[in-house]
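Right, one structure below, let's go through it.
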2 protein chains.
Amino acid sequence: MARRKQAVTIRHVAADAGVSLQTVSRVINNEPNVRPEMKERVQASIDKLGYVPSIAAQRMSGSRSYLILALNDRERTIADWRAREGTDWVDQMLLGGMLKCAEHGYRLIIELVDTHNDHVERELSAAIAALQPDGVILTPPHSENPLIVGLLDKQRIPFVRIGSRGNGAGILVLMDDERSARLATDYLLGMGHERIGLIAGSDEYSLSGWRIDGWRAAMAEAGVPTDGLLERGDFSFASGEKAARKLLKSPQRPTAIIASNDQMALATLKVARELGLDVPDELSLISFDNTPTVRFTQPALTAIDQPIAATASMAVELIIAAQKGEELPEQPVIVSGSLVERDSVSAPGT
Amino acid sequence: MARRKQAVTIRHVAADAGVSLQTVSRVINNEPNVRPEMKERVQASIDKLGYVPSIAAQRMSGSRSYLILALNDRERTIADWRAREGTDWVDQMLLGGMLKCAEHGYRLIIELVDTHNDHVERELSAAIAALQPDGVILTPPHSENPLIVGLLDKQRIPFVRIGSRGNGAGILVLMDDERSARLATDYLLGMGHERIGLIAGSDEYSLSGWRIDGWRAAMAEAGVPTDGLLERGDFSFASGEKAARKLLKSPQRPTAIIASNDQMALATLKVARELGLDVPDELSLISFDNTPTVRFTQPALTAIDQPIAATASMAVELIIAAQKGEELPEQPVIVSGSLVERDSVSAPGT
DNA sequence: GTGAAAGCGCTAACAC
DNA sequence: GTGTTAGCGCTTTCAC
């Protein structure tokens, strides 16, 4: 393999503009101590020669790498990809994260790491050593992994923890699951429902708990009891089925159910159909996540939309700000979700 | 921002093992001229210290960057992400490409480039200058863009063109659309259909033509005419609707339709429903792509699965082989799709 | 404000 | 087989 050299380097630009390397470097990095007139001249040469700095070289000499790592759970991500069931978490991360990165000349690299592995630290260390990213975005459940958080903190790499209120280092960005659950519950209460069931998610994810909190709070405020209305799943279809069956077969069955993710909502839909319950006439259903599939079901599901793209975009912004040494929010940054009305909800007893 | 240095460098390893830098380098890169005994000693030090080479430094000194760029069409990709309709092209690319990359210590970076832009060359040049990738994967329609192909050829960067039989440089990898279309057509012929309509895709993509070829060939072999059975769309839902309406309102309407992508298949389903035609009893339907949505329709659609993951994986493999100086296939590499049977096809007139 | 020199971590080329 | 040397393209540090 022939040694592939950079076509146009800072040297060419310096020569063309008749200045030192240093001055060109200053212009590239928008540093002070360059007269506007100089700056213009250098910029002209850059444009003329079509010069683009080599990220490798920049990184080598100790500055930024312009790379941001997005850490996703390996097992879950690959399973989703293989299943082809329309989970578009990664796409939405890219939509928000990549585009924001591009705005600032950064690149987003998706990295899969296995949380349940005892080599997490080694895996992550290797990725960091190899790529030297300027920042890392942690998605659940990594956001809550003390090993990862500790490692990143020790290495002093700016990082965002999506979906965590946890202690320790890192910038926290939340989609406000409690408020979203409340939103869904209030919406159903507003329609006249009182027996509103919740199928919660795996408690490996804190957001499962927050959603329970939101639902409980809304119910409490409305003065409505929650006994026998909570079932736990683990985000899988099978677990949703089991939970739905339990709720719908109880003597005082709920008139509405909130499922903590789309798979469990689909499972609920299936169980309702099996039991001969019409949705939405006999059972209203609200789903969490709003992945593509829920618009293609019969009926299309009313859902809480998780603003993944906006969250990823925010995460990138915060990392770049941190990288620049700007001040960071002390409080968790909150990106709010919204309720998308479709056809799976109606007033009870109609 | 503090200058972030590599924690463990080749120097540390060399010192620890009591050898020269070069020997360590040789071990890392699995080069010859190292005695097994030496190699073992060095490897022990590497493991002990947890050393991982810096990609930036490796790239700097003229060797690989361990980065592979996957070029996707900006407009289309972003539109798909925003629409959230379940198109999982990017996910499947990642599934195949990223995992294969990881096997070899490479990373895949998704890059969005606007084909219709007159700055394509500049955009791409900038990405190449910045990242110095070891290879590039071109997806349609980039695979057919002579500007891009020319640029990559000139820069002597190994690249794969997915979905192109085009002339010029680059390694060609095909999903064999002609054969797939034939497969679908033969399947319908085998069920007894004779009037099999085709809704073709945009001719900006050569694969649209190949699918027509496959369909036409299969029909010809079966001795069945194709007059009035071909309509062109552009892969959009709207275009599919128009095409389907034309086919289904013709006096001799087809008993089966093959749609050249899922969106147009969904449109056909909608039109059939409007016209009161039951699928599959009165109209059989086969879709191309097999994206997640087609399993959630009523009925679930029988579809040609495009092996995107396998193709991406193959593309990465070929690039790494090229990078190593291995011989490359002269002929286009073919990755075959398959027919996934669901519920949208039945024998005609039942 | 601007420039010169040193060095980041690694590998190609060549010496031994 | 193994070590030495000279850079790769850029930024840091420090001198002017």
Side-chain angles (χ1 to χ4, degrees), chain A residues 1-42 46 49 51-67 105 126 128-132 134 323, chain B residues 1-42 46 49 51-67 105 128-132 134 323 325:
Chain A
M1 193 63 202
R3 191 187 179 92
R4 198 168 62 243
K5 289 201 220 172
Q6 197 85 336
V8 183
T9 73
I10 198 173
R11 214 172 235 98
H12 299 106
V13 177
D16 185 83
V19 297
S20 74
L21 303 181
Q22 191 43 39
T23 302
V24 179
S25 173
R26 287 193 180 106
V27 173
I28 299 167
N29 296 293
N30 230 327
E31 280 169 20
N33 293 344
V34 189
R35 273 178 313 180
E37 165 200 331
M38 272 267 87
K39 189 167 174 174
E40 224 169 274
R41 199 164 89 209
V42 173
I46 291 178
L49 301 175
Y51 167 72
V52 178
S54 148
I55 286 183
Q58 294 189 124
R59 170 56 211 128
M60 274 298 295
S61 40
S63 93
R64 290 135 299 174
S65 64
Y66 292 102
L67 260 28
I128 290 173
L131 294 169
Q132 309 260 73
D134 287 341
Q323 164 65 33
Chain B
M1 193 63 204
R3 189 188 182 92
R4 197 168 62 241
K5 290 202 218 169
Q6 197 84 337
V8 183
T9 74
I10 197 172
R11 213 174 238 98
H12 299 108
V13 177
D16 185 84
V19 297
S20 74
L21 302 182
Q22 192 48 36
T23 302
V24 179
S25 172
R26 286 190 182 110
V27 172
I28 299 167
N29 297 292
N30 230 326
E31 281 169 20
N33 295 342
V34 189
R35 271 179 316 180
E37 166 199 331
M38 272 267 87
K39 189 166 173 174
E40 223 168 275
R41 199 165 88 208
V42 173
I46 290 178
L49 302 175
Y51 166 72
V52 177
S54 148
I55 286 184
Q58 294 189 120
R59 169 58 211 125
M60 274 298 296
S61 43
S63 95
R64 290 134 299 172
S65 64
Y66 291 102
L67 261 27
I128 291 173
L131 294 168
Q132 309 261 69
D134 287 342
Q323 164 67 32

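Below, chain A is the first sequence line, B the second, and so on; all start at residue 1.
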- prompt: Are the side chain of B:Ser65 and the backbone of B:Arg59 linked by a donor-acceptor contact shorter than 3.5 Å?
  reply: no
query: Can you find a side chain N or O atom of A:Ser25 that sits less than 4.0 Å from OP1 or OP2 on D:dT11?
result: yes
query: So, do A:Ser25 and A:Asn29 sit near enough that their side-chain heavy atoms are less than 4.5 Å apart?
result: yes
- request: Pick base, sugar-phosphate or nothing for B:Gln22, based on heavy-atom distances below 4.0 Å to the nucleic acid.
  value: base
- request: Please determine, for the side chain of A:Asn33, which listed nucleotide (C:dC10, D:dT11, C:dG1) has the closest atom?
  value: C:dG1
message: In this structure, how many angstroms lie between the C1' atom of D:dC10 and the CD atom of A:Glu31, rounded?
response: 12 Å
- request: Compare side-chain N and O positions of A:Thr9 against OP1 and OP2 of D:dG9 and report whether any pair is under 4.0 Å apart.
  value: no
query: How close or far is atom C1' of D:dG7 from atom CZ of A:Arg11, stated in whole angstroms?
result: 10 Å
message: Starting the side chain at C-beta, find the nucleotide from D:dG1, C:dG9, D:dT11 nearest to A:Ser61.
response: D:dT11
message: The side chain of B:Thr23 is closest to which nucleotide in this list: D:dG3, C:dC10, D:dT12?
response: D:dG3
- prompt: Does OP1 or OP2 of C:dC10 have a side-chain N or O of B:Gln58 closer than 4.0 Å?
  reply: no
task: Please confirm whether any donor atom in the side chain of B:Arg26 sits under 3.5 Å from an acceptor in the base of D:dG3, or the reverse.
output: yes
- prompt: From D:dC10, C:dT2, C:dG3, pick the nucleotide closest to the side chain of A:Ser20?
  reply: C:dG3
- line: Separation of C:dG1 atom P from A:Arg41 atom CZ, nearest Å, is 16 Å
field: OP1 or OP2 of C:dC10 under 4.0 Å from side-chain N/O of B:Tyr66
entry: no
query: On DNA chain D, nearest-nucleotide positions of B:Pro32 versus B:Ala57: which is more 5'?
result: B:Pro32
field: Side chain proximity check, A:Gln323 to A:Arg64, heavy atoms < 4.5 angstrom
entry: yes
- request: Please determine, for the side chain of A:Met60, which listed nucleotide (C:dC8, C:dG3, D:dC10) has the closest atom?
  value: C:dC8
- request: Spell out, as yes or no, whether a donor-acceptor pair under 3.5 Å connects the side chain of A:Arg41 to the backbone of A:Ala17.
  value: yes
